[in-house]
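First the structure, in the form of structure tokens, and then the observations on it.
Everything quoted here is computed from the prediction, not taken from an experiment. In what follows, every chain begins at residue 1, and chains take the letters A, B, ... in the order their sequences are listed.
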There are 2 protein chains.
Amino acid sequence: MAPVSATVRDVARLAGVSPSTVSRALARPEMISAETRGRVLEAARALDWVPNRLARSLTRGSTENIAVVVPDIVNPFFPPLIRGGQQEAWRRGFSVLLGDSNEDAARELHVANELAAQVDGLLLMSSRLPAREILELRERCEVVVVNRVVRGVSGVVIDTAPSARRAVRHLVGAGHDAVHYVSGPADSWSNKQRVAAVQAACDASGTACHVLAPSVGAFERGRACVDDLLAAGATAVLAYDDITALGIVAGLADRDVRVPGDVAVIGCDDIPMAGQLGLATIGAPFDSVGAAAAGLLIEQIARRAGGAPRRSRLVRVPSTLFLRRTAGPAPAGGPALSGEGAAMPARSRRSPRARA
Amino acid sequence: MAPVSATVRDVARLAGVSPSTVSRALARPEMISAETRGRVLEAARALDWVPNRLARSLTRGSTENIAVVVPDIVNPFFPPLIRGGQQEAWRRGFSVLLGDSNEDAARELHVANELAAQVDGLLLMSSRLPAREILELRERCEVVVVNRVVRGVSGVVIDTAPSARRAVRHLVGAGHDAVHYVSGPADSWSNKQRVAAVQAACDASGTACHVLAPSVGAFERGRACVDDLLAAGATAVLAYDDITALGIVAGLADRDVRVPGDVAVIGCDDIPMAGQLGLATIGAPFDSVGAAAAGLLIEQIARRAGGAPRRSRLVRVPSTLFLRRTAGPAPAGGPALSGEGAAMPARSRRSPRARA
DNA sequence: TTGAAAGCGCTAACAG
DNA sequence: CTGTTAGCGCTTTCAA
């Protein structure tokens, strides 16, 4: 583990001072005469010494570590979030522990508890935990949630509602008279948010809104619901996430239903491949979201260490609607297609029509 | 940070024993009478006590933490690897720190050094570091490399050569008389491996092999080289990775070149979307690779802790060729299409022919 | 401005 | 089997 490095004592001896002085030379330079400090620093360099983080943590009572807990690191939604958080944490001198809950609330609790014991703060992304558990975790360390709102706990959320409204408006403008929303996991907070956003948007547009029941899998969920969608006569589909949307697109293609010719599909998350495949979607600057969350968490840790009272903040990050190929053409006079969706060539673009 | 929990002393007092007995009750149960141990465990539960990892690490000299360093967590190649490693580590009671080098060797060194100070072992995935640096890191903690071979350092590699041979054989059998390999990052070890594997495979088949120069980006790299490929009259392309391959496919489509009608494309990695999009590719069980690497690392840590001498092992994990849509049809009498590539419907499948 | 002393919470000899 | 003693390496009162 730790380098077989020198200790404070060694450095102190070499610099001809006491260990406390060495310690202070780094932690509170202003308490030490410039000259002494110079000697200490030189000795430290000579011995290639850096303070042992473990020992420091033990006495200081803080680790300079945070943990990031995600439901599934393989879900492309999370890596950008993690990277953003990671970079920000690193920038501020914190290291990052990683926890994967495998989409399971019980496991998430276990992981979070285990991790809480060795970090100053927890970043819970798309947590499936009941609010009560999250509040309990906060007794043990600072907590910031991402993609979730818990009263009294700081969080960063992506504000999808306005984009959902624009998406529905686009679809209605293009001639669709109903929107089908394909749900994500039953216990997903963001699924609830998205359902609500889509329903509200449909209400505002006076459009029928059908919500398909949650099911498991991501891509598979999408493919599996295609028969239901077709049976219901769906022509405009909003999906819980991009993977689900891609599953829908694939399932439709299997049945020779053209996208967007026959059915328009819009996903959510703007995962990298979405742009490449011309999938319309609602996206957000995920790196920034992750970074904002980590920043919030670390500020909270600092405030807490400074003895200040807790104060929870909710940061809303705006989302963007990318109207790409699968959303179908904009209605005449409507908004132009936007987003860098030209990665895959646009195929036939006609208005929605009944399937043969 | 750490829970404001009780300490060994508290538990010892409540159980009416000494702190050492408490410590032993958990670490060396067999040294303690069943009865005493029962009392200790009960007291611990009553006080909701778990040993403080920091303190334990400080005395034991080991952290029960490992670090995983990747070039870019957003690259879909890595999440499965990380997840596999994570799960295995967790299974063995280790937590995982995460480092992202941002594809930059200097940064990787910095990150690895920082991390080495707080873990028992380092898992370097697709490391861009010179062998010398890696050996130096190993002076500070155990190291296992993934997707890389360094003399004297344990590693797990994916053996792509046999699949590359099969791929070339398939292409040659389908009538292609040359193979174009699109390189990945210049400093990538696995790119070197893949170039070598493809060249060897072509030599074995008596086929011409053209290697396009490395360039940056992933998807973009693929799209950008399409003009060169077409100018060179390429009909069979092997790409460094799936993202690059998808870029090539997109670029070809932009120019109305059909895949696999006009050009066959095979990627590498079998990222989840590959199967979904019908992209032929060379894949491997990445979760297992990650798990194997973590297992190897932790075993090494244990061996080292037990005072045993170092012993480096190289694990080769076999790869699989998934002949999907983009590879074109199998030659008559050749191998059938394999892999779960039916996610996207197969399109026209003809033998390669000259472009208009 | 500096040093001496005490201790963070735990574990590991070494006795008994 | 169990207790006593002595730290792990660092920080931090408290005095000087």
Q: Before accepting this row, confirm whether a basic side-chain N of the pair Glu299(A)/Arg311(A) lies closer than 4.0 Å to the acidic partner's carboxylate O.
A: no
Q: Carefully, step by step, assess Thr21(B) and Ser18(B) under the rule side chain to side chain donor-acceptor pair (under 3.5 Å).
A: CA-CA 5 Å; Thr21(B) 301; Ser18(B) 77; 3.2 Å; yes
Q: Using chain A heavy atoms and a threshold of under 4.0 Å, write down where along DNA chain D the contacts begin and end, 5' to 3'.
A: dG9(D) to dT13(D)
Q: Verify the contact: side-chain N or O of Arg28(B) to OP1 or OP2 of dA12(C), cut-off strictly under 4.0 Å; return yes or no.
A: yes
Q) Within a reach of under 6.0 Å around CZ of Arg316(B), are more than 12 heavy atoms found that belong to other residues, nucleotides or ligands? A) no
Q | Salt-bridge present (Asp100(A), Arg107(A); N to O < 4.0 Å) | A | no
Q) Taking CZ from Arg13(B) and C1' from dC10(C), how many angstroms apart are they, rounded to a whole number? A) 15 Å
Q: Please figure out whether Leu58(B) or Glu30(B) has its closest DNA chain D nucleotide nearer the 5' end.
A: Glu30(B)
(Q) Listing request: all ring-ring contact (aromatic ring centres under 6.0 Å, His included) pairs with a residue in residues 45-70 of chain A, at least two apart in sequence or in separate chains. (A) none
Q) With Glu30(A), which residues qualify under side-chain hydrogen bond (donor to acceptor under 3.5 Å, both in side chains), at least two apart? A) none
Q) Starting at CD of Glu35(A) and ending at P of dT2(C), how long is that distance when rounded to a whole Å? A) 8 Å
Q) So what does Arg24(A) hit on the nucleic acid, given a heavy-atom distance under 4.0 Å: a base, only sugar-phosphate, or nothing? A) base
Q. Whole-Å distance between dT11(C) P and Met31(B) CE?
A. 14 Å
Q. Ion pair present between Glu142(A) and Arg304(A), side-chain N to carboxylate O less than 4.0 angstrom?
A. yes
Q | Residue-phosphate contact under 4.0 Å: Thr59(B) side-chain N/O, dG9(C) OP1/OP2 | A | no
**Q.** Rounded interatomic separation in angstrom, taking CG from Leu54(A) and P from dT11(C)
**A.** 13 Å
Q. Sequence neighbours excluded, which residues qualify as ring-ring contact (aromatic ring centres under 6.0 Å, His included) partners of Phe77(A)?
A. Phe286(A)
(Q) Rounded to whole Å, how long is the line connecting atom CZ of Arg37(A) with atom C1' of dT2(C)? (A) 15 Å
Q: Name every residue in residues 15-23 of chain B that has at least one heavy atom under 4.0 Å from any atom of DNA chain C, in order of residue number, or write none if there are no such residues.
A: Ser20(B), Ser23(B)
Q. Given that Thr36(B) and Ala55(B) both sit by DNA chain D, which one's nearest nucleotide is further toward the 5' end?
A. Thr36(B)
Q. Do Glu108(A) and Ser127(A) get their side chains close enough for a donor-acceptor pair, meaning under 3.5 Å?
A. yes
Q. Roughly how many Å is it from CD in Glu64(B) to P in dC10(C), rounded to a whole number?
A. 15 Å
Q: Decide, yes or no, whether a salt bridge links Arg91(A) with Glu88(A) under the criterion of side-chain N to carboxylate O below 4.0 Å.
A: yes
**Q.** Over 12 foreign heavy atoms within 6.0 Å of CZ, Arg310(B)
**A.** yes
Q | Degree of bending in the helix from dT1(C)-dA16(D) to dG16(C)-dC1(D) once both end axes are built from five pairs, to 10° | A | 30°
